[in-house]
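Note: hydrogens, waters and symmetry copies are ignored here, and every other heavy atom, side chains too, is used. Convention: sequence-line order gives letters A, B, ...; per-chain numbering from 1.
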Amino acid sequence: MNIILSAVGGTVVLAILAIFVGLFLAGIDRRIVAHMQARMGPPLSQPFTDVKKLFAKQSIVPANAIPWLFNLMPVVALASSIAVLLYLPFGSLAPILGDAGDMILVLYLLIVPSLALVIGGFASGSPYATVGAQREMVSMIAYELPLAVSVIIIAWRLMVANVANPFSFTTLMETSVWDVVGPLGIVGLLILLILFAWITPGELSKVPFDTPEAETELAGGILVEYSGRNLGVFSLAQAVKTVAMIAFGVIILLPWNLSPVFGLTGAGAAAVDLVFFFVKVVIVSIFSVTVVRTMMARFRITQVVKVYWFIFGGLGIAAIILLMLDAFLMGGL
Amino acid sequence: MAGKAPYIVPVGPIHPALKEPVHIELTVVGEEVISADFTPGQTHRGIEWMGLSRNPVQIVHLTDRICGICGVTHSLSFARAVEQIADITVPERGDYVRTIIAEFERIQSHLLWAGVAAHELGFDTLFYLAWRVREEAMDAIEVITGNRVNYDIIQIGGTRRDITEDQHAKIRKCLNTYKDLFAKLKKLFLEDAVIKSRCVGTGLLSFETAMAYSAVGPTSRASGVTADLRVDYPYCAYGDLDIKPVIPTIYGSDVNGDTYDRIVVRIFEIAQSIEIIETCLDNMPQGPVIWEEKVAKILSACKKASGEAVGRHEAPRGEAVHYVVMDGAEAPIAWKVKASSYSNLHVWPIILKGAQLADIPVIVASVDPCLSCTDRVAVTDNGSTKIFTKEQLAKMSYEKSRRMMQ
Amino acid sequence: MFPMLKEILVQSVKKPVTNLFPAARLPKTITGFLGKVGEGKAELIPPVETPAAMRGKLLYDRNLCNGCGLCMKVCPAHAIEQVVYPVPPAKDAEDKPRAQKRVRIYVGNCIFCGQCIDICPKGAISQSPDFLLATEDRFAESQIIE
């Protein structure tokens with residue numbers, strides 16, 4: 001009973017925290033983008049105001065839509081994004097659901113919000129949303145390949161280095177993959193870091209990979225028919241998903257904590273590590289989302305596939321070869 | 001509806017892709033457009049009708065409001081038509097001022113277009129940048145004419161304001177800024193990997209099609225048609241200048257007639273306009289800028305005039321034509337406007353065919369459409385719609401001509 | 001490959017170019033804010049400077065006007081109408097007063113072309129650089145020039 005209570009409590013706290021951080025991240029993103037475009041930009045609280053306004057507005061269900069599916073999907077998207085967080089360790093805090101899930105599970109869970117968007121798009125019965133949903137599916141297939149490659153190669157490298165349970169997040173937090181590799185491996189990991197930075201905007205549907213939403217051609221694509229509370233829930237889901245996706249990358253590739261540096265233990269260490277963790281999330285988000293979306297134009301959907309499969313797929317293979325060579329040289333094989 | 005291929009994607013009259021009221025209907029299979037059609041006529045305002053109850057001096061400022069961007073284009077074309085009818089000679093200095101303001105208009109219009117094109121590609125940063133540097137031209141125009149958008153500087157017989165010596169410093173400062181900026185603009189628009197990959201080879205308009213459909217302006221020049229009214233039939237100060245039509249070979253590339261070539265042409269026309277303005281400023285002749293200072297005398301000269309004439313001007317979007325008939329009354333008895341977009345819109349179904357859905361906004365925008373200039377006809381019939389055939393339209397035209405002849 | 005990258009990095013250490021007229025952030029109510037500005041409690045960020053010859057709201061000197069009505073003839077927007085004031089009583093036997101003709105300009109219709117200024121033989125109309133004219137009532141006092 002107690003375990004369930006603490007799990008439920010932890011989930012609620014984590015959800016609120018993630019929504020807060022996610023919306024704050026969106027605010028920072030918009031401010032920095034505005035600054036780089038020589039504009040003033042909205043106040044940091046703008047995403048909060050936007051969501052507040054959306055929740056006060058009427059949700060319109062189009063006549064062509066399938067109402068129950070249309071209304072259900074925002075909730076599914078938000079719930080699944082929060083579910084990802086339950087398996088992720090934040091700083092030195094262990095995941096709420098303990099070691100119940102591993103990287104492969106999170107990989108699958110990260111797809112669910114996008115799938116909810118796709119189903120919601122098809123259910124809204126608009127040609128724009130249909131095209132958007134098709135594109136979302138295609139881009140999901142596109143970015144999953146390099147993402148899965150990079151996750152699995154890291155786990156494999158840990159396994160070769162005789163680390164037990166390489167897919168578990170607790171292991172990842174305890175053993176940094178950077179510590180087990182040699183010089184060749186470091187180059188491979190740097191490539192993976194770049195790869196991850198470019199997968200994040202795809203996963204989050206940001207320019208240049210925002211083809212499913214494509215404001216100028218599809219008028220908002222998948223979300224075109226969503227309004228009011230439904231759209232509000234989708235924006236919350238997007239905020240949580242941003243945190244989850246970037247946190248996932250941070251855990252895998254930038255797993256360091258601050259508490260050992262200061263020699264802290266107990267609650268103090270957890271707090272310092274948590275703050276440091278979110279600082280890392282913000283920095284990664286600025287580099288992999290904000291800067292990228294400011295400096296580029298939108299890709300065509302065919303180009304999205306080409307870029308992810310051939311350019312980033314090629315980079316992924318390069319990283320695999322480097323890490324394998326490294327494992328061979330370091331004597332793991 | 002959704003799911004059944006091919007399905008129909010409507011674009012407009014209200015759509016974020018195109019901030020112009022036109023309805024485009026695309027038949028799409030997957031991501032590929034198999035056919036496209038468009039319906040203009042959503043924004044008819046009856047300006048020509050308004051003109052028929054006003055005298056030419058009033059109309060010349062009404063024409064400024066035909067288009068929000070080509071402020072000078074329409075007033076210059078109209079003034080040139082009336083000047084021919086009333087046999088008015090514009091003083092040389094007036095011609096130079098007209099040329100300078102027309103070229104400033106070209107700069108700001110092309111920058112505005114460049115910003116829109118960047119936005120259509122999802123490149124908002126470039127859009128903000130283009131519109132930010134456009135402000136320089138707007139400021140220079142404001143200094144010369146007293147207003148940013150509706151310049152109202154053309155008068156029948158010349159211009160209403162002169163460019164004084166103390167304005168030269170400000171204009172030159174603006175030109176120098178653009179000279180420094182040009183290299184940057186060229187790099188940002190023409191060397192960006194994504195823009196290149198999105199624009200090269202899309203929206204192809206061959207030389208033959210451009211000729212067959214009488215495309216005008218940068219749209220036709222990007223397909224290699226060396227048609228430029230400023231060169232072919234020089235007017236204002238263009239006869240004194242050594243200019244050549246800008247075609248994509250200026251960037252050292254072949255003529256493909258794609259969206260990328262249209263960007264190239266427009267970017268290089270900005271450079272050409274800067275040069276023209278500089279030459280004009282250096283060689284400005286002395287003298288008055290208007291045929292007659294007193295507006296009342298212009299009015300009476302126009303009242304006496306009778307005849308018909310066509311006034312043409314190479315607008316930023318291509319050739320604009322005004323046809324005016326006067327018969328010794330205050331108001332003209334006929335006034336017809338053919339904006340440059342009217343010629344260019346008809347290539348849409350051709351260049352859109354076979355395009356990817358993602359490229360539609362930029363292909364549509366690449367001809368620089370201006371619908372409020374173009375829409376000249378609206379037939380209202382109790383809300384029902386019908387399509388007139390070519391024969392019916394010809395018959396109606398004959399009838400109208402006969403009415404006018406009586 | 002991405003020439004914009006350099007551009008945005010340079011811009012990110014520069015100041016924004018936007019002029020934040022009338023206030024940096026949207027006030028709770030615009031009228032309340034303007035009221036506060038009137039009382040001197042809040043500061044208005046001024047608009048971008050306009051050139052001296054900017055064509056703004058018209059100024060009309062009715063004492064110079066002789067009621068010829070030429071301005072009405074050239075106004076493209078029909079924004080000027082003639083007003084005939086009643087004949088004033090004669091001062092003495094010599095005085096032959098006439099009905100006073102003057103004009104009224106509707107700012108809501110005006111397109112600021114300044115043609116009336118050019119044609120006015122008496123110089124009764126002139127142009128001010130005043131352009132903050134937006135209001136909700138087109139017949140408000142500020143919208144009619146007499």
Checking C:V17 against chain B: side chain, backbone, both or neither under 4.5 Å from a heavy atom? side chain
Name the region of C:I111, side chain, backbone, both or neither, that has any atom closer than 4.5 Å to a heavy atom of chain B. both
Does anything in residues 119-146 of chain C reach chain B? List residues with heavy atoms under 4.5 Å apart, or say none.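 Listed by number, the contacting residues are C:I119.
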Contact residues of residues 50-67 of chain C (partner chain B; heavy-atom separation under 4.5 angstrom):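 Only C:T50, C:P51, C:A53, C:M54, C:R55 of residues 50-67 of chain C have a heavy atom under 4.5 Å from chain B.
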Measure distances from B:F123 to the heavy atoms of chain C and classify the residue's part below 4.5 Å as side chain, backbone, both or neither. side chain
Check whether B:E135 gets within reach of chain C through its side chain, its backbone, both or neither, counting any heavy atom under 4.5 Å.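 For B:E135, there is no contact with chain C at all, as no heavy atom is under 4.5 Å.
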Evaluate whether atom CD of C:E81 has more than 12 neighbouring non-hydrogen atoms of other residues, nucleotides or ligands under 6.0 angstrom away. yes
Just checking B:K170: does its NZ atom have more than 12 heavy atoms from other residues, nucleotides or ligands closer to it than 6.0 angstrom? no
Most chain C-contacting option - heavy-atom pairs closer than 4.5 Å, from [options]:
| options | answer |
| --- | --- |
| B:R148, B:R160, B:R65, B:E142 | B:R160 |
| B:N147, B:L62, B:I195 | B:N147 |
| B:K294, B:E191, B:R161, B:E293 | B:R161 |

To the nearest 0.5 angstrom, please state how far the [atom1] atom of [X] sits from the [atom2] atom of [Y].
| X | Y | atom1 | atom2 | result |
| --- | --- | --- | --- | --- |
| B:L299 | C:K73 | CG | NZ | 6.0 Å |
| C:D118 | B:I298 | CG | CD1 | 8.5 Å |
| C:Q11 | B:Y128 | CD | OH | 13.0 Å |

Judged by modelled atom types alone, do B:Q58 and C:Q115 share a side-chain donor-acceptor pair under 3.5 Å? no
If you apply the rule side chain to side chain contact (heavy atoms under 4.5 Å, CB included), what do you find for C:K6 with B:K184, and how did you get there? CA-CA 11 Å; C:K6 190 184 146 206; B:K184 188 157 99 181; over 6 Å; no
Exam field: side chain B:N150 to backbone C:C113, donor-acceptor pair closer than 3.5 Å: no
Tell me the closest heavy-atom pair linking C:P76 and B:R54, and the distance in Å.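 Distance-wise, the nearest heavy atoms are O-NE, 2.7 Å.
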